[in-house]
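When a residue number appears, it is its place in the shown sequence, counting from 1. The figures that follow rest on heavy atoms only: side chains count, while hydrogens, waters and symmetry mates do not. First listed ligand is number 1; within each ligand, the first listed atom is number 1.
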Amino acid sequence: MDDIDPLWRPAGALTALPEDEPIGIELPDADDRPVKIALVRRGAAVYAVHDRCPHRGAPFSELGLIDDDGTLLCGWHYWGFDLDSGRHTQVEGIRVCTFPTRVVDGAVEVDVARPPHRSPPLVTLD
Ligand code: FES
């Protein structure tokens, strides 16, 4: 993997994020292009994924759910994704782009150094 310096962007206060509810934000990438991100807080941890389901493009910030196991579910057709890796929970090779996060003095930051410059190919099942 090539070395790219992190590009931390402020994403609000940790306490402003509801528990287990995907929240949509837009952060500028290195070229000032907006990157749509869904943030999910689970306790003191914050996860960031591309706000676009790789199936048919539904925004997780509007249709996403977190199940009891902490899996991100797309509410359109209920595909599930691991919040850490972005991997589909059942189908090998399908994943959503994830972004590193950190919390500094109660403020959430997201590293957008590796944004999904192009949307991942949508998967058609039928
Ligand atoms: S659009 Fe997300 S599961 Fe179909």
Distance below 2.8 Å from atom 4 (Fe) of ligand 1: protein N/O/S atoms: His55 ND1, His77 ND1

Heavy-atom side-chain contact between Phe99 and Ile37 under 4.5 Å: yes

Cluster check Trp8, Leu14: I/L/V/M/F/W/Y, side chain < 4.5 angstrom: no

Minimum heavy-atom distance Arg87-Arg95, with the two atoms named: CA-CB, 3.8 Å

Neighbour count above 12 (heavy atom, 6.0 Å) for Glu19 CD: yes

Cation-pi, Trp76 ring and Arg56 (6.0 angstrom, 45 degrees): no

Aromatic plane relationship, Trp79 with His55 - under 30° parallel, 30 to 60° tilted, over 60° perpendicular: parallel

